[in-house]
Every structure is written in C-alpha cells, then in structure tokens.
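In this text the structure is predicted, and so the values were computed from the model without any measurement.
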Amino acid sequence: MTTPEQYASVRYLVDDVQATVDFYTTHLGFHLRTSAAPAFADVVRGPLRLLLSGPASSGARATPHDATSPGRNRVHLVVDDLDTEIDRLRAAGLAFCSEPVSGPGGRQILLADPAGNLIELFQPARDAASATT
C-alpha cells in the first residue's frame with residue numbers, strides 16, 4: 001500500500017465533496033482513498049493525491065476569506081490519445097473550458113471539476129515523448 005509520503009498532494013477546495021469524488025473517480029481514473037464527506041475526501045491516481053476539502057474542513061477554514069475562486073493553476077494529467085479522451089468525456093456529458101491547443105510539446109485541453117478547479121488533459125508530442133524515454 002502506498003503511504004501519504006509517497007504521494008504528491010494537491011488540495012482543492014470544493015463546494016460538494018461527494019460530487020467532486022464522483023467526478024474524479026468516474027471520469028478521470030482516480031480511486032477513493034479516504035472519505036469523511038461532506039467535510040473531506042482524498043482520491044488518488046498513481047502518485048497524485050487530491051485532497052478535496054469541503055466548506056467545513058480544516059483546509060477550507062484555514063484559507064483566507066478573500067480567496068474565493070479557483071486559481072489559474074491546474075492538475076496536469078497525461079493521456080495516450082487526447083481525441084479519444086475528449087470524445088469519451090463529451091459522451092459522458094462533460095463540457096470543456098477550452099478547445100484543444102497544440103504546441104511543440106504536445107496537445108492539451110482544459111475541463112473543470114464541479115467546483116471549477118481546472119484539469120489539463122495533455123498528450124505529449126511523439127517526438128517529445130521519444131526524447132524523454
């Protein structure tokens with residue numbers, strides 16, 4: 001079993017912990033690690049642990065009151081085939097926040113979780129992927 005020290009953790013403040021757990025576990029390949037809903041849950045995918053803190057959680061209570069909207073930061077998830085993922089998620093009723101964007105390193109698209117936190121789905125360019133292996 002993986003210990004918390006083996007994860008890179010990101011805390012997301014969310015309005016509805018269970019809806020956010022359902023989003024990540026149903027659509028993005030995460031699995032539930034711990035649930036104390038409606039206050040808190042954490043989900044994991046590989047070495048990434050998302051701490052989902054509801055309004056009553058200690059993580060949310062420690063956040064300054066003027067930090068009321070999600071930042072421009074995002075979780076970056078690598079996918080093998082971006083077009084297949086886009087089709088799969090659209091078929092599940094999800095909307096994207098951007099169109100696919102291409103650059104020298106690959107292609108990406110953004111979507112948001114139920115609380116508005118951004119997720120970047122990224123497919124590395126073939127040349128970039130072979131250069132790193």
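Separation of atoms CG (Asp83) and CG (Leu121) is listed at 11.5 Å; rounding is to 0.5 Å. Expressed to the nearest 0.5 Å, how far CD of Gln123 lies from OG of Ser102 amounts to 9.0 Å. How far NE2 of His76 is from CG of Leu118: 14.0 Å, rounded to the nearest 0.5 Å. Separating the OG1 atom in Thr26 from the CG atom in Leu89 is a distance of 11.0 Å, to the nearest 0.5 Å.
Counting heavy atoms from C-beta on, the side chains of Gln108 and Leu82 never come closer than 4.5 Å. Using a 4.5 Å cut-off on side-chain heavy atoms (C-beta onward), Asp81 and Glu85 make no contact. A heavy-atom distance below 4.5 Å is not found between the side chains of Val14 and Pro114. Under the 4.5 Å side-chain criterion, counting only non-hydrogen atoms from C-beta, Leu48 is in contact with Leu77.
In this structure Thr25 satisfies the side chain to side chain donor-acceptor pair (under 3.5 Å) test with no other residue, sequence neighbours excluded.
The minimum heavy-atom distance between Arg74 and Leu110, with the atom names listed, is CD-CD2, 3.4 Å. The minimum heavy-atom distance between Ala39 and Ser57, with the atom names listed, is O-CB, 3.3 Å. Phe23 and Leu111 get closest at one heavy-atom pair: CZ-CD1, 3.6 Å. Nearest approach of Asp113 to Tyr12, heavy atoms of both residues: OD2-CD1, 3.7 Å. The heavy-atom pair separating Gly105 from Phe122 by the smallest distance is O-CZ, 3.3 Å. The nearest pair of heavy atoms linking Ala112 to Ile119 is C-CD1, 4.0 Å.
Ring planes of Phe30 and Tyr24: perpendicular class, angle over 60° (limits at 30 and 60°).
In the hydrophobic clustering of this structure, Val44 does not group with Val75; members are Ile, Leu, Val, Met, Phe, Trp, Tyr whose side-chain heavy atoms approach within less than 4.5 Å, directly or through other members.
A donor-acceptor pair under 3.5 Å is formed between the side chain of Arg45 and the backbone N or O of Leu28. Checking side-chain atoms of Tyr7 against main-chain N and O of Leu50 turns up no donor-acceptor pair under 3.5 Å.
For the side chain to side chain contact (heavy atoms under 4.5 Å, CB included) criterion with Leu51, the lone passing option out of Asp42, Leu13, Val43, Val10 is Asp42.
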